[in-house]
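The block underneath contains the structure these notes are about, expressed in structure tokens.
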Amino acid sequence: SSITFRIIDEQDNQCNYNRTGVLCGGCKPNMSAVFGSNRCMPCTDKYLWLLVPFSIIGVALVTLLFLLNCTISVGTINGLILYANIIAPGIVNRLPFSDPKIFIFISWLNLDLGIETCFYNGMNTIVKNWLQFVFPAYVLLLVGAIIFVSRWSSLLTRLCRRNAVAVLATLILL
């Protein structure tokens, strides 16, 4: 058997998923980075409407954590967080079957999209990585605003049942 090395001028031939450049860090021309994978695909701007459901999902997530009192201080969510953050990433890649539903579920628990989706045409990897922090930051800002406003609103304080800090800690852990 022989080992062949490709010349450095042919580095783009070593990249998969329409990627190019040093360490396959960029997308080929007319391709965009997509959420949920490392692929580059042709995209359009039609997925910008996803901002609306994500803003609604953020409010729903915070509301459910408050209403269900599903926080790390109670303990009901600790096993699920442990599974999603520690056990599952090592297991998913070693499963004999490839079920995308498991990957999507784990991604959602980590406040990630988990589905290959274009966001806008021309998005590069750096912008994609920064945009992945937008939803968790949005959710944390929602809880921070609730904590801040509840100092002056007795109604909001009663609705939150004094567990706003526990919800914030849960979201930070996620």
Side-chain angles (χ1 to χ4, degrees), residues 25-27 31-41 43-92 99-174:
C27 292
M31 297 285 180
S32 299
V34 296
F35 288 109
S37 77
N38 291 322
R39 297 180 189 270
C40 294
M41 302 168 69
C43 296
T44 63
D45 293 337
K46 69 179 183 178
Y47 289 101
L48 285 173
W49 66 270
L50 287 173
L51 291 173
V52 174
F54 279 120
S55 61
I56 294 169
I57 288 170
V59 172
L61 175 66
V62 171
T63 304
L64 281 174
L65 287 175
F66 274 113
L67 292 177
L68 298 177
N69 197 22
C70 195
T71 64
I72 58 171
S73 64
V74 175
T76 55
I77 199 170
N78 286 340
L80 192 59
I81 292 173
L82 175 74
Y83 175 77
N85 290 324
I86 296 174
I87 298 170
I91 292 175
V92 169
D99 190 3
K101 292 178 208 145
I102 294 173
F103 176 74
I104 292 169
F105 177 70
I106 292 166
S107 296
W108 287 354
L109 287 176
N110 289 315
L111 300 179
D112 196 8
L113 188 58
I115 303 168
E116 282 188 0
T117 305
C118 289
F119 194 60
Y120 67 89
N121 188 22
M123 183 169 66
N124 62 23
T125 306
I126 294 172
V127 173
K128 176 190 124 175
N129 289 336
W130 277 107
L131 286 176
Q132 286 180 316
F133 291 111
V134 169
F135 183 73
Y138 166 67
V139 171
L140 291 174
L141 284 174
L142 283 175
V143 175
I146 290 170
I147 292 171
F148 185 73
V149 172
S150 67
R151 297 179 83 190
W152 293 284
S153 171
S154 59
L155 174 65
L156 191 58
T157 303
R158 279 183 275 134
L159 289 174
C160 296
R161 290 182 279 163
R162 300 192 185 271
N163 67 348
V165 174
V167 169
L168 181 64
T170 302
L171 290 171
I172 289 172
L173 188 61
L174 284 176

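Since the model is a prediction, treat every value here as computed from it, not as a measurement.
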remark   = Residues passing the side-chain contact (heavy atoms from CB on, under 4.5 Å) test with V134, sequence neighbours excluded, are L131
Pairing residues for T63 by the side-chain contact (heavy atoms from CB on, under 4.5 Å) criterion, not counting sequence neighbours = V59, L67
ask   = Residues in side-chain contact (heavy atoms from CB on, under 4.5 Å) with W152, at least two apart?
value = F148
request  = Could you check if a side-chain atom of V34 sits within less than 4.5 angstrom of a side-chain atom of F119, using non-hydrogen atoms only?
outcome  = no
Please output the side-chain donor-acceptor pairs of residues 48-58 that fall under 3.5 Å, not counting sequence neighbours, one pair per line with the distance.
residue, atom, partner, partner atom, Å
W49, NE1, K46, O, 3.1
S55, OG, L51, O, 3.2
S55, OG, V52, O, 2.7

Donor-acceptor pair, side chain of T125 and main chain of G26, under 3.5 angstrom = no
ask   = Looking at M41 and M31, what are the two nearest heavy atoms and their distance?
value = C-SD, 3.5 Å
remark   = Between the SG atom in C27 and the CZ atom in R39, the distance rounded to the nearest 0.5 Å is 12.0 Å
key: Qualifying residues under side-chain contact (heavy atoms from CB on, under 4.5 Å), relative to N38, sequence neighbours excluded   = K128
key: Side-chain heavy atoms of T44 within contact of N121, under 4.5 Å   = no
request  = For atom OH of Y47, decide whether the heavy atoms of other residues, nucleotides or ligands shown that lie under 6.0 angstrom number more than 12.
outcome  = no
task = Identify the two heavy atoms, one from G122 and one from S32, that lie closest to each other, and give their separation to 0.1 Å.
result = N-OG, 2.6 Å
CG-CZ distance between L140 and F133, expressed to the nearest 0.5 angstrom = 12.0 Å
